[in-house]
Amino acid sequence: MAGVRASFGVTGDDAWLWGWDATPAIVSVHADDRGEAHIWRRPGGGSLVHETARFRPWALLATLDDLEASGVPFAHVDNAAEGPPVGSPDIAVQTLRGPGALRHIVSATRWRTLEAAVCRGASQRLGRRLTRLQQLPPGERHVLPPDEQYLVATGRTYFRDLTFAQLHRLQFDLETTGLDPTQHRIFLIAVRAPDGRVRCLEATGDDDAAEVALLRRFVKVVRALDPDVIENHNLHGFDLPFVRTRAKRLGVPLHLGRLDGVPLLERAAQRGARSERDTERRVRVVIPGRECIDTLDAVRRYDFAVRELPGHGLKAVARHFGLAGPDRERIPGDRIHAVWRTDPDRVRRYATADVVEVEGLARLLGGAAFALARMAPRRYERLADAGPATGVIDPMLVRAYVHAGHALPAHEEGDGTVHVGAALHLFTAGVATRVVKADVASLYPSLMRAFRIGPRRDALGALLFLVDRLVDQRLDAKARGRAAPPGSDERFTLEAVSAAMKLLVNSAYGYLAAGGGLTRFADVHAANEVTRRGRETLHVMCRELAARGTTLVEADTDGVFFAVPEHWTEADERRVVAEVDALLPPLVRLEFDGRYAAMLSHEPKNYALRAYDGTLTLRGVAFRSSRAEPFGEQFLREAIAHLLAGDVAAVRAAYLRTVDALHAGAVPTVHVAARVRLRKSPDAYARVRATRREFPYEAMLAAGRDDWEAWQRVRVYRTPTGGAVIDEIDGDVDAAHDPRDYDRAYYIALLRRTFVTRLARAFTPDDFARVFADPGQLPLFDSDLASVRPVATAIPEAWAALQ
DNA sequence: TTGTCGCGGGG
DNA sequence: GTGTACGCGACAA
């Protein structure tokens with residue numbers, strides 16, 4: 001199944017990583033059941049080239065019994081991609097080497113031919129009528145979508161020799177009268193052209209005719225600009241399904257793609273919108289010839305690793321990354337249409353900001369998917385929303401096996417062995433000073449490489465091979481990226497490649513551990529061996545660090561926090577890390593990751609760090625949570641800063657100040673309010689109100705508001721008589737609205753109950769009671785606090801386990 | 001109370 | 001035409 005074999009730079013085993021066909025600058029692929037592939041290329045970033053090619057649709061089968069039983073003739077060949085010799089039957093079979101169950105590549109001129117033949121035989125064998133190959137038992141077939149059949153068979157990938165900047169990318173954003181395309185209309189579409197120009201297409205009225213005209217213009221504009229990529233935030237969850245439904249209802253043909261006469265198509269996608277036909281199915285819209293990229297996917301993929309975004313909405317993310325200008329127009333979602341009627345310019349500015357920010361966001365976070373598309377045999381848009389293990393590594397392994405002429409194992413359920421994860425130890429709770437963090441970068445892939453732990457059924461050793469190559473090539477890409485001029489295309493590309501490779505390397509273990517037969521080569525025993533070695537490594541790190549005079553605080557998976565003696569210098573700290581590093585297996589490198597003046601260790605994975613320059617870092621749900629009332633978070637930050645600076649009197653002062661401020665109503669209203677999302681409509685809540693009252697809705701009603709929309713986000717807070725509400729615009733509130741009518745006693749109690757308690761580990765029970773005694777209680781003098789010192793408490797079980 | 005499901009986003 | 005996780009709230013049992 002070699003297809004066009006390499007006669008160019010990419011040869012040999014690198015084919016497993018990069019494919020083997022050097023065709024440059026593919027920007028989109030569309031293939032169909034009839035064996036026709038359309039390839040759009042943009043060589044050198046210049047003008048677009050549209051090529052068509054024939055390919056033989058193919059599938060992997062475990063048995064030829066069905067084909068034989070069907071009576072349909074077929075020929076054995078050496079290469080199913082090339083097909084049978086002249087005069088032979090249309091159906092060709094290439095039999096693969098090795099122990100895997102899926103050992104026959106069956107191909108034909110058209111998909112229907114091979115599907116019909118196999119299904120005829122299989123229907124007899126299984127005693128039920130089969131019409132689709134997918135109806136065969138899962139272990140007996142592997143069927144790819146046509147685009148992927150084409151890419152695997154040819155060894156082609158997207159974007160060879162092309163930079164991200166050379167892609168023609170268009171962003172569009174709908175403004176609608178509401179969220180439901182069966183009830184609401186589109187009245188404006190902002191379009192940002194690949195050259196950066198933005199225009200707003202607008203409906204000239206609020207009837208069908210005006211919307212029809214708008215949709216027609218939109219189609220015309222997109223076709224004229226002819227972008228390779230279409231981007232927006234929640235493109236697949238909102239804009240594309242919305243525009244499709246509107247077009248259907250209004251009878252407007254939506255020929256947005258590059259193939260004349262081919263309308264929008266669908267593909268199954270776990271995170272797609274519900275299909276209109278079958279609400280069980282989730283689908284995403286496909287525009288043949290263009291790649292539809294949703295920046296929400298990129299944001300989720302980013303935050304999955306980093307966990308620092310306040311939310312995943314466009315406005316919040318754009319602000320977080322500094323993509324939003326200071327005068328960014330903001331309008332609450334449910335007011336956009338009303339504003340449009342009175343101040344259309346405002347809506348134009350708003351929509352324009354949206355597409356401009358989406359462009360920036362796509363560039364900022366889209367590099368990894370772009371680079372993945374150069375490696376894996378899938379469409380760019382699919383790689384942008386795929387999970388790295390099942391969505392990227394698995395297809396690469398399938399391509400490697402097929403290319404090597406090796407049979408693939410079928411998916412296999414585990415044998416019931418449970419997967420055991422990483423180690424997590426809390427050695428010390430409370431306040432520690434002179435703290436060092438040391439960790440092993442990429443612990444699991446390093447262990448896989450060091451001890452050659454790979455899937456048992458991976459006869460070719462392809463996964464370990466890929467990890468080895470990815471680690472090497474990533475180091476190379478990183479180094480070259482650093483050498484490239486800042487801001488250059490080359491640097492962007494190399495950094496993107498490096499990011500993509502890191503993603504893959506770190507997913508290799510997840511690939512092994514994926515349960516329930518998720519990945520083809522999943523192997524719980526191998527995964528357990530990786531985590532066992534990981535726990536062992538962590539144990540060695542802890543034991544050896546402790547043996548060198550440090551005090552362990554917390555150890556988690558691949559990293560350790562430990563405190564060092566008073567007189568140690570940074571050089572001493574680095575020395576012990578290096579000493580322990582020398583005891584670890586080859587390829588497993590313990591690195592010095594940071595040093596801190598003090599640490600509050602609350603619970604596993606919940607701690608605060610004070611750097612030597614005073615910078616405070618809070619980690620874990622105990623210290624940061626989107627739902628927490630801001631006054632409480634502010635108090636915690638302040639109190640912990642003083643605590644870690646060793647100033648207990650200031651901790652008490654912060655407490656007293658907060659209590660006083662609440663008592664006097666000096667805390668701004670918005671600082672006591674919690675963010676909530678109203679999911680129930682007023683009617684829906686009215687129906688359940690008798691049986692169960694929920695505070696946010698009660699607050700709305702108490703405020704005399706019974707007209708909210710489901711999904712609306714508001715801030716709510718307690719008043720002495722019930723609740724009250726503050727409106728939110730893209731995560732912000734109107735600062736001028738500040739009635740200070742909150743229930744002061746309630747919030748003082750809340751301060752104690754949920755925030756002060758998070759400092760309990762820092763003191764002995766007596767001292768804790770002293771530091772946080774009620775202001776109105778016994779008079780308390782500074783001298784009472786002078787003797788109070790933050791404490792650290794050893795957790796005996798954790799230390800005992802070290803032996 | 002406990003377990004399961006679905007959400008996160010878009011106007 | 002498969003398949004991310006994590007924490008949380010809603011709902012059913």
Side-chain angles (χ1 to χ4, degrees), chain A residues 33 59 111 132-135 138 141-149 173-181 183-188 232-243 266-273 281-283 294-297 299-301 303-305 307 309-317 331-340 347 350-351 354 358 378 382 385-392 394-395 411 503 506-507 510-511 513-520 522 605 620-621 625-627 676-680 684-685 688 691-692 694 696 709 711-713 730:
Chain A
D33 280 0
W111 176 256
R132 309 301 312 270
L133 231 48
Q134 286 88 345
Q135 294 163 336
R141 43 76 182 165
H142 184 53
V143 180
L144 295 172
D147 314 308
E148 293 174 25
Q149 292 178 30
D173 187 51
L174 304 183
E175 301 307 331
T176 68
T177 60
L179 291 170
D180 180 357
Q183 294 179 41
H184 302 122
R185 291 189 189 281
I186 303 168
F187 63 86
L188 183 147
N232 195 14
H233 202 67
N234 205 15
L235 177 68
H236 285 289
F238 180 72
D239 298 81
L240 279 178
F242 199 107
V243 82
E266 287 184 344
R267 65 181 162 104
Q270 67 283 9
R271 281 223 312 271
R281 268 165 53 87
R282 289 190 166 269
V283 294
D294 191 333
T295 48
L296 179 58
D297 290 325
V299 164
R300 294 210 254 237
R301 187 180 267 176
D303 201 36
F304 174 64
R307 305 215 158 272
L309 295 179
H312 293 170
L314 176 63
K315 283 77 175 172
V317 175
I331 310 174
D334 57 350
R335 296 214 49 240
I336 291 172
H337 188 227
V339 172
W340 172 246
V347 177
Y350 173 83
D354 270 13
V358 159
R378 290 196 137 177
R382 253 197 115 194
D385 71 83
T390 50
V392 186
D394 214 48
H411 283 266
L503 201 72
N506 289 333
S507 309
Y511 183 93
L518 255 64
T519 55
R520 183 166 302 276
K605 297 186 192 228
V621 283
S625 134
S626 63
R627 267 197 52 81
V676 297
R677 173 158 248 174
L678 304 171
R679 291 152 184 282
K680 296 187 179 103
Y685 182 62
V688 299
T691 49
R692 180 140 108 220
E694 295 174 55
E709 292 199 48
W711 304 109
Q712 196 174 338
R713 253 194 170 138
D730 294 333

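First the proteins, then the strands, lettered A, B, ... as listed; each starts at 1.
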Just how far, in rounded Å, is [atom2] of [N] from [atom1] of [X]?
X	N	atom1	atom2	answer
A:Arg301	C:dA5	CZ	P	14 Å
A:Arg300	C:dG7	CZ	P	17 Å
A:Asp33	C:dG1	CG	C1'	11 Å
A:Leu309	B:dG8	CG	P	16 Å
A:His236	B:dC7	NE2	P	18 Å
A:Leu188	B:dG11	CG	C1'	12 Å
A:Leu296	C:dA5	CG	C1'	15 Å

Regarding A:Asp385 and A:Arg267, does a basic nitrogen lie under 4.0 Å from an acidic carboxylate oxygen?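 Salt bridge between A:Asp385 and A:Arg267, a charged N being under 4.0 Å from a carboxylate O: yes.
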Among the candidates [options], find the nucleotide nearest to the side-chain atoms of [X].
X	options	answer
A:Asp334	C:dG1, B:dG11, B:dG8	B:dG11
A:His233	B:dG9, B:dG11, C:dG1	B:dG9
A:Glu175	B:dG11, C:dT2, B:dG9	B:dG11
A:Pro146	C:dG1, B:dG9, B:dG11	C:dG1
A:Leu314	B:dG10, C:dT4, C:dG1	B:dG10
A:Asn234	B:dG11, B:dG9, C:dG1	B:dG9

When you match A:His312 and A:His142 each to their closest nucleotide on DNA chain C, which lands nearer the 5' end?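 Between the two, 5'-proximity favours A:His142.
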Under the side chain to side chain contact (heavy atoms under 4.5 Å, CB included) test, residues paired with A:Arg141 that sit two or more places apart: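 Residues passing side chain to side chain contact (heavy atoms under 4.5 Å, CB included) with A:Arg141: A:Leu61, A:Leu136, A:Pro138, A:Val143.
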Determine: side-chain N/O of A:Lys605 to OP1/OP2 of C:dC6, distance under 4.0 Å, yes or no.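 So the side-chain polar atoms of A:Lys605 never come under 4.0 Å of the phosphate oxygens OP1 or OP2 of C:dC6.
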P atom, C:dG9 versus B:dG9: distance in rounded Å?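 The answer is 15 Å between these two P atoms.
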Taking only the P atom of each, what is the distance from B:dG8 to C:dT2 in whole angstrom?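 25 Å, rounded to whole Å.
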Whether the side chain of A:Gln134 and the base of C:dG1 hold a donor-acceptor pair under 3.5 Å is what I'd like checked.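 Side chain to base: pair present.
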Name the nucleic acid region contacted by [X], choosing base, sugar-phosphate or nothing; use a 4.0 angstrom heavy-atom cut-off, strictly under.
X	result
A:Asp173	sugar-phosphate
A:Asp354	sugar-phosphate
A:Leu235	nothing

Holding to salt bridge (charged side-chain N to carboxylate O under 4.0 Å, His left out), I want the full list of residues that pass it with A:Asp394, two or more places apart in sequence or in another chain.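 With neighbours one apart ignored, the set is empty.
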Are a donor atom and an acceptor atom from the side chains of A:Arg520 and A:His142 found within less than 3.5 Å of each other?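 A:Arg520 vs A:His142: donor-acceptor pair found between side chains.
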State, yes or no, whether a side-chain contact exists between A:His233 and A:Asp173 at a heavy-atom distance under 4.5 Å.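 Not in contact.
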